[in-house]
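We count ligands from 1, going down the list as the structure has it; atoms in each ligand are counted the same way.
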Amino acid sequence: MVKPIKSVDEFLLIRESSNYADVSVGFVPTMGALHEGHLSLIRKSKEDNDITVVSIFVNPTQFNDKSDFENYPTNIDDDIAKLNEEKVDFLFLPNHEDIYIDNYNYTVSENDFSNELCGEYRKGHFDAVLTIVMKLLNIVKANVAYFGEKDFQQYLLIKGMAEAFFIDTEIVSVKTEREKDGLALSSRNIRLSGAEREKATIFPKLLSSNKSCSQIESELIENGFKVDYIKEFDGRRFGAVHVGSVRLIDNVKI
Ligand code: PAF
């Protein structure tokens with residue numbers, strides 16, 4: 001059975017025990033509502049390491065849209081059942097006060113790539129992600145931490161932060177898990193209505209086509225999407241669109 005740890009102090013005690021300190025530790029930070037995408041990170045961590053830690057913390061500071069935070073899916077019982085099936089060793093479930101002892105007065109800030117792509121549309125989002133991930137990495141002190149490629153910009157920024165601050169955890173990306181029709185798995189997908197879910201498949205199809213970014217953008221708009229951006233960067237094509245009230249992001253190698 002996975003062992004839930006609900007406070008930082010408790011986690012620090014576990015970290016000192018020999019069955020934590022003397023083995024290789026893999027870490028998968030999440031915001032819960034676990035799906036196959038998260039499970040693929042967990043499976044990779046279990047393959048590579050002696051023990052695996054998963055954290056669930058819906059980090060309020062990284063939601064720049066209040067209603068997105070309020071509507072973020074949570075189902076802790078379901079998540080724990082999945083973690084037990086995967087035989088995860090530890091679940092870190094910190095509370096807000098424990099994590100934000102500083103009242104979010106101290107932040108990690110990146111001044112370049114965090115303002116591009118999603119950063120242009122979600123002000124402060126990546127600094128909030130970097131801040132929470134820095135806190136979690138410092139608490140968990142894993143050998144390796146795993147992040148999904150669906151959030152490729154997030155992965156690159158976290159990897160850059162780990163290098164910049166000499167953090168002793170290797171940052172590894174794991175390829176995006178997709179539904180049979182190509183839609184990238186995301187906790188937010190369950191908020192799509194039947195018709196929106198059907199329409200959503202147009203997004204990955206166009207993104208991975210050999211059309212130009214502007215052509216893709218026009219076709220998405222014609223199909224009723226609100227488009228934040230379709231842009232190429234460093235050998236990948238990135239996109240963010242809105243379907244009804246749900247914002248979807250994706251990226252593909254080009
Ligand atoms: O990708 C996520 O689920 C979150 O951004 C993360 C990395 C757990 C930080 O809150």
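- Remark: Lys226 engages Asp228 in a salt bridge (Lys or Arg N to Asp or Glu O under 4.0 Å) (not counting sequence neighbours).
- Atom CD of Gln153 is separated from atom CZ of Phe233 by 8.0 Å, given to the nearest 0.5 angstrom.
- Listed by first and then second residue, the salt bridge (charged side-chain N to carboxylate O under 4.0 Å, His left out) pairs involving residues 57-81 are Lys66-Glu70, Asp68-Arg188, Asp68-Arg191, Asp78-Lys82 (not counting sequence neighbours).
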Write out each pair where an N or O from ligand 1 and one from the protein are under 3.5 Å apart, with the distance.
{"unit_1": "ligand 1", "atom_1": "1 (O)", "unit_2": "Gln154", "atom_2": "NE2", "d": "2.8"}
{"unit_1": "ligand 1", "atom_1": "5 (O)", "unit_2": "Gln62", "atom_2": "NE2", "d": "3.0"}
{"unit_1": "ligand 1", "atom_1": "5 (O)", "unit_2": "Gln154", "atom_2": "OE1", "d": "2.8"}
{"unit_1": "ligand 1", "atom_1": "10 (O)", "unit_2": "Gln62", "atom_2": "OE1", "d": "2.7"}

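- Looking at Gln154, Lys44, Glu149 one by one, the single match for side-chain hydrogen bond (donor to acceptor under 3.5 Å, both in side chains) with Ser173 turns out to be Glu149.
- Partners of Asn189 under the side chain to side chain contact (heavy atoms under 4.5 Å, CB included) rule, at least two apart in sequence or in another chain, are Leu183, Ser186, Leu192, Leu248.
- Phe69 and Tyr72 have their aromatic ring centers separated by at least 6.0 angstrom.
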